[in-house]
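See below for the structure under consideration.
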Amino acid sequence: MSRAAPTDIVMAVRDYVHYLQQLGVTELPLRIADCGLRIAEKGGTSSSALRLQQLAESVHDCQNCRLHQGRTQVVFGTGNPDADLVFVGEAPGHDEDITGEAFVGAAGQLLTRIIQAMDLTREQVYILNVVKCRPPNNRNPLPDEVAACRPILQAQLACLQPRVICALGTFAAQALLQTEERISRLRGRFHNLGDVPVMPTYHPAYLLRNPQGKRAVWEDMQQIQRVLGLR
Ligand code: SF4
């Protein structure tokens, strides 16, 4: 089966985003590999990495929503392009905005320890956020900002083709699963995004304020481990 060249994929993503903007689209159902961008079979390590890199380059100067005004840089995501497990957070904070890396700072360090407790490393997973630019004063992203950034998220997941997604916190879970349910009601069981299981769990920043939630998170991580064959 022939595959589209990476530059063709990047152009397709860019055209797709612009096309949606021109249509005035404010919300987009999120389904993996639903935008004609299913590009990499598992095992195509170098091409997956290249396509993600080129996607990152194509959005580094994105101005599709107001969040571009206050950012230092787009925080695209980091990790293994062939990761089986993808963590999805909410939005970059101050440290992420400065460094350009998702989940650094105290919450990021806690996420690193959670990943290590799963017998994985940050280098083996991929970590990204629902929106790629820091909201002012670390407020929650607004619905139109999420909608504007959704094609990028969708293209990222189409590139990554993860076996499991872990949604970190209420906002990420609600954005991925298109629901208004609270995280306390969503966590603890898998939901489906297309044919990919999604495990919502508490955000590491929440755990820093509420350490009693760590037990529940560990139970959620154990379920992910079982799906991945790690226990
Ligand atoms: Fe573009 Fe997303 Fe940043 Fe908005 S948050 S400017 S849509 S990259």
Side-chain angles (χ1 to χ4, degrees), residues 6-7 9-37 39 48-79 81 86-105 107-108 126-160 162 165 167-178 193 198 203 205:
T7 49
I9 299 299
V10 172
M11 292 303 295
V13 173
R14 186 176 282 168
D15 290 348
Y16 181 64
V17 172
H18 289 166
Y19 170 71
L20 291 171
Q21 285 180 305
Q22 288 167 4
L23 288 178
V25 170
T26 58
E27 191 57 272
L28 185 68
L30 178 62
R31 284 181 290 166
I32 293 176
D34 190 42
C35 58
L37 294 169
I39 42 189
S48 298
L50 180 60
R51 286 162 185 172
L52 266 182
Q53 180 186 336
Q54 294 199 333
L55 177 60
E57 290 170 0
S58 76
V59 302
H60 87 280
D61 60 350
C62 175
Q63 299 183 5
N64 288 356
C65 81
R66 69 182 72 77
L67 294 182
H68 81 275
Q69 296 166 354
R71 75 180 179 215
T72 302
Q73 57 194 311
V74 170
V75 181
F76 183 76
T78 49
V86 171
F87 289 91
V88 179
E90 174 181 322
H94 173 268
D95 293 337
E96 290 78 14
D97 179 63
I98 298 298
T99 63
E101 185 172 350
F103 276 89
V104 294
Y126 201 91
I127 305 171
L128 52 79
N129 285 302
V130 169
V131 299
K132 317 302 175 194
C133 301
R134 182 195 182 196
N137 303 313
N138 290 346
R139 66 160 168 75
N140 287 338
L142 301 174
D144 64 322
E145 296 161 353
V146 174
C149 217
R150 188 177 294 273
I152 301 174
L153 173 62
Q154 185 161 339
Q156 286 178 299
L157 294 176
C159 287
L160 287 161
I165 294 172
L168 297 168
T170 296
F171 191 87
Q174 290 181 344
L176 280 171
L177 300 174
Q178 307 276 275
L193 182 62
V198 177
H203 194 286

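Along the sequence shown, residues are numbered consecutively beginning with 1. Numbering of ligands and ligand atoms starts at 1, following listing order.
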> Atom CD1 of Ile152 and atom CG of Leu128: how far apart are they, to the nearest 0.5 Å?
Replying inline: 11.5 Å
>> Listing by chain and number, which protein N, O or S atoms are under 2.8 Å from atom 3 (Fe) of ligand 1?
In response: Cys133 SG
>> I'd like to know if the side chain of Glu96 reaches the main chain of Gly93, judged simply by a donor and an acceptor atom lying under 3.5 Å from each other, with no hydrogens or angles considered.
In response: yes
> Do any N or O atoms from the side chain of Glu101 and from the backbone of Val75 form a donor-acceptor pair under 3.5 angstrom?
Replying inline: no
>> Exactly one of Pro92, Cys133, Cys62, Cys149 should register a side chain to side chain contact (heavy atoms under 4.5 Å, CB included) with Leu67. Which one does?
In response: Cys133
>> Once rounded to the nearest 0.5 Å, what's the spacing between atom CD of Glu57 and atom CG of Leu50?
In response: 8.5 Å
>> Suppose we screen for salt bridge (charged side-chain N to carboxylate O under 4.0 Å, His left out). Which residues come up paired with Glu145, at least two apart in sequence or across chains?
In response: Arg66, Arg139
